[in-house]
2 protein chains.
Amino acid sequence: MERPTHRMRDLRHQGALAVLRHLHRQPGVTRSELARALDLSSGSATDLVARLKRLRLLDEVASAPSGGRGRPSPTLVAHPAGPLVCVVDISHERWRVAAVELGGRIVQHTSGRHVDREPDAVLDRVRREIAACRRRLGHRIRAVSVAVAATVRGTEVVQAATLGWRRVSLEPLRPAADVPLLVGNDASLAGLAEARRGAGAGVRVVLHLTVEVGVGGVLVVDGDLLDGATGAGGEFGHLPFGDPTLRCPCGATGCWDLLVDGRAMARQLGQPAPDDPRTAAEHILAAAPRDPAARAAVNGAARALGRGVGGLVNALDPALVTLSGLAVDLSAAAPREVDAGYRAGLMSFRRGQPPPLVPSTLGPDGRIAGAADAAFDTVLTVPGIEAWSRSTARVREGAT
Amino acid sequence: MERPTHRMRDLRHQGALAVLRHLHRQPGVTRSELARALDLSSGSATDLVARLKRLRLLDEVASAPSGGRGRPSPTLVAHPAGPLVCVVDISHERWRVAAVELGGRIVQHTSGRHVDREPDAVLDRVRREIAACRRRLGHRIRAVSVAVAATVRGTEVVQAATLGWRRVSLEPLRPAADVPLLVGNDASLAGLAEARRGAGAGVRVVLHLTVEVGVGGVLVVDGDLLDGATGAGGEFGHLPFGDPTLRCPCGATGCWDLLVDGRAMARQLGQPAPDDPRTAAEHILAAAPRDPAARAAVNGAARALGRGVGGLVNALDPALVTLSGLAVDLSAAAPREVDAGYRAGLMSFRRGQPPPLVPSTLGPDGRIAGAADAAFDTVLTVPGIEAWSRSTARVREGAT
DNA sequence: CCATTATGCTCGCGCACCGAGCATAATGGT
DNA sequence: ACCATTATGCTCGGTGCGCGAGCATAATGG
């Protein structure tokens, strides 16, 4: 979301941007719904839509008969030659590259498993896919947005435990100097999508938390990702909620991280630190119904999760907490422990109506949707629209 | 700060709002500086300023000779009959009521000590001052903004340890149904002013922390206070950084609160819990240079402060941390302990260039400035300006 | 088949910003 | 004292864009 600008000339495209943002948020709206939502007169709507069609930013299609009375209103959709963003998802084992249009529909998609997890190999593979995507779709690709399972600062991965990366710049993924490259933590971007389009839709302040190996997440306020000054915000797992004698791989001690994931449960069971804490956690969760020791470990992690969430709610005051990954499994396996920890961690005045803890609804596509949203946030700005106008005008001149 | 609006008719006043917001942020700008900052043509500036003068929103005065060449540019100031906000500060021992004009200058000011600390007595006293303020200044008072040393939700104080209040609505301070009443935690509002006008000026993401009794603070992003869904955000003192067996008066356990203030130092010295932890802390700090036990207690609190700040920096990724209250004294008395704790709490990738910890610059007026800023944020909006236009038109008609 | 309902389009209006050209008010060298 | 230089302000016609009234269009339903 763009902030009010304090610069007058930028007022010009505000109407068009309002329409495009609304369309992006609610793909498939009819024109009359749009006009009502934005308080547009029908004359303004006509004019705006015509201008945006001319700019190849949106298109109208006849909508399915509504059954109601009155003249049917056309549905607004992304223009078939409109702007796209290229979204990349790099996780522990796989990569995905997708072209996404306004509204969030995936236009093209490729994916694969890493054969070699070294940064150069992964980036080279992905870079080639982005190049191919751009060859096919040309100037329509307005930005590249990467979701990666790592701590991110700017466009650099500073550390990725599961990938084994440290200080890896993702600048090689930028296909050209004038294409914006955005890099974000996968949990943060999934949180963005969850808050805007998932369980948090319509809620002003949403805290999203996910447990995989460690705890990630982000606070989303008014649809804005609060990922800090450098994009490295949301590392809630590295708040020192835990035993200060426990050393975390991040370099600090007592991190909350170490109390809630597979490492925590293995430690409590007296097992050595697992190679793959995610799978270890799943095994322990599966064993819990019949193995009291496993159940105790699950309960301990569930309680630590709840208590930490309580502390974060004290500090950040969200209206809703969305949970993802292992946090959902822990809540399902030991709901009473999570709740007991949560309530114990809350300041007492909050216990009357604490923000609900709900599982996220978007699943593994959340990070793609979030990365696409983050990218469209940079496209749907005054400079973004002006650049698109120039670019599409050139293409049309060349074509005619 | 207002969010982009998605409603077209609101575009109308955007230019005027941009001017007013700029003036509020930089009182004493000249017209030509304004035009440059906002990228206005001189024609637009003429028009805008004339309109705003007619609306009694700003005025021009001849500026002191700059010494430079060229035609001198008039200085823009708040209009002498322009809008004001009524700011109230309620702290442990005192109350203050001030009328503040655009730009932040205090126009009128009264204050006193509480004779009776009961909510009814304090609120009644303050209510009468607000009424007097409104009698003198009439429709010019556009909002009432209260900074109170308490946890706040909406316009209600949910708990105030030092005042001894619980669940006290401040609605009685609203002088009329149509006057906006804003209530905020004093530390949060001081942080807002610090981030906008103090040590954090120009920095996009600022974390402000203050230690008095417990820890308060707030994150300010792009000049926006992140005080959560209900205004109760910023209770960083109630993150469970500490010993989980310690019970906090807030109802949770292990709060960071309990490790850094006068209670923490007294506990470490084997003293009973002090009645007035703030003064106790000052005594211990004063004794530290010659008393090793006091020094150890100070060092312990300093280290706990640093470690917690490190954790918060991990989670929130500010570019700057501003400190206020006892946190400044602890940093001065035991800088190495604060720094050691801070570095130990940071994720290692952050240790290269961690955000600086700096003392705040605004002092005890910060909370007044912050409350005024929060109030002007509601006045400098499209509805606020439209209401002012109607109101000032009525007054002028009545006057002529 | 036409009343009803909902929506879209045309067109004149007005607001607010732009830019070019001219006016104004200071400095500073001769 | 005068005038070139510099910086700024004002006037005025042009334009982009949203508004609203009135008319046109496309569905439903008795």
Side-chain angles (χ1 to χ4, degrees), chain A residues 4-22 28-55 57-76 382 385-386 389, chain B residues 4-20 22 29-55 57-76 382 385-386 389:
Chain A
T5 159
H6 286 266
R7 317 195 85 186
M8 315 266 123
R9 54 184 303 257
D10 295 353
L11 293 178
R12 211 167 80 229
H13 294 279
Q14 291 303 327
L17 286 176
V19 171
L20 292 173
R21 286 182 185 141
H22 192 85
V29 279
T30 69
R31 208 161 114 175
S32 59
E33 285 164 357
L34 177 93
R36 266 193 301 275
L38 267 50
D39 224 14
L40 288 167
S41 68
S42 79
S44 304
T46 302
D47 188 50
L48 269 170
V49 168
R51 267 155 51 211
L52 291 171
K53 278 167 90 166
R54 235 177 294 128
L55 280 173
L57 280 161
L58 57 76
D59 207 359
E60 291 178 299
V61 296
S63 51
S66 68
R69 279 194 176 185
R71 178 171 175 171
S73 193
T75 300
L76 300 177
V382 171
I385 293 297
E386 287 178 345
S389 308
Chain B
T5 159
H6 287 266
R7 318 196 87 184
M8 313 267 124
R9 53 185 301 256
D10 296 354
L11 293 178
R12 212 168 82 229
H13 293 280
Q14 292 302 329
L17 286 176
V19 170
L20 292 173
H22 192 85
V29 279
T30 68
R31 207 160 117 173
S32 59
E33 285 164 356
L34 177 95
R36 266 194 301 276
L38 267 50
D39 224 14
L40 289 166
S41 69
S42 78
S44 305
T46 300
D47 188 51
L48 269 170
V49 169
R51 266 155 51 210
L52 292 171
K53 277 167 90 166
R54 235 176 296 129
L55 279 173
L57 281 161
L58 56 79
D59 206 358
E60 290 177 301
V61 296
S63 50
S66 68
R69 280 193 176 187
R71 176 172 177 171
S73 192
T75 299
L76 300 177
V382 171
I385 294 297
E386 285 178 345
S389 308

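Computation of the quantities below employed the complete heavy-atom set of this structure, encompassing side-chain atoms and omitting hydrogens, waters and symmetry-equivalent molecules. Chain identifiers are assigned alphabetically (A, B, ...) following the order of the sequence lines, protein sequences preceding nucleic acid strands; residue numbering begins at 1 within each chain.
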Rounded to whole Å, how long is the line connecting atom [atom1] of [X] with atom [atom2] of [N]?
| X | N | atom1 | atom2 | result |
| --- | --- | --- | --- | --- |
| B:D39 | C:dG19 | CG | P | 9 Å |
| A:L76 | C:dG8 | CG | C1' | 13 Å |
| A:L38 | D:dC17 | CG | C1' | 15 Å |
| A:E60 | D:dA26 | CD | P | 14 Å |
| A:L34 | C:dT7 | CG | P | 13 Å |
| A:L48 | C:dG8 | CG | C1' | 14 Å |
| B:D47 | C:dC17 | CG | P | 7 Å |
| B:H13 | D:dC17 | NE2 | P | 20 Å |

With respect to the phosphate group of [N], does any side-chain polar atom (N or O) of [X] fall under 4.0 Å of OP1 or OP2?
| X | N | answer |
| --- | --- | --- |
| B:R51 | C:dC17 | yes |
| B:R12 | C:dA16 | yes |
| B:R69 | C:dT24 | no |
| A:T46 | C:dG8 | no |
| B:R36 | D:dT8 | yes |
| A:S73 | C:dA6 | no |
| B:S41 | C:dC18 | yes |
| B:S32 | D:dA7 | no |

Closest-nucleotide mapping onto DNA chain D: is A:R71 or B:S44 further toward the 5' terminus? I mean the 5' end.
B:S44
Taking for each residue the nucleotide of DNA chain D with the nearest heavy atom, is it B:G43 or B:T30 whose nucleotide lies nearer the 5' end?
B:T30
Nearest to the side chain of A:L11, which nucleotide is it out of C:dC17, D:dA24, C:dA25?
C:dC17
For A:T30, run the side-chain contact (heavy atoms from CB on, under 4.5 Å) check against A:P72, A:S73, A:P74 and tell me which one passes.
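The single option meeting the side-chain contact (heavy atoms from CB on, under 4.5 Å) with A:T30 is A:S73.
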Presence of donor-acceptor pair under 3.5 Å, side chain of A:S42 and base of C:dC9:
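Yes, the side chain and the base share a sub-3.5 Å donor-acceptor pair.
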Tell me, do A:Q14 and A:V382 make a side-chain contact under 4.5 Å, heavy atoms counted?
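Answer yes - side chains close enough.
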Is the side chain of B:T46 donor-acceptor paired with the backbone N or O of B:S42 at a distance under 3.5 Å, no angle test?
yes
Short question: side chain of B:S44, backbone of B:L40 - any donor-acceptor pair under 3.5 Å?
no
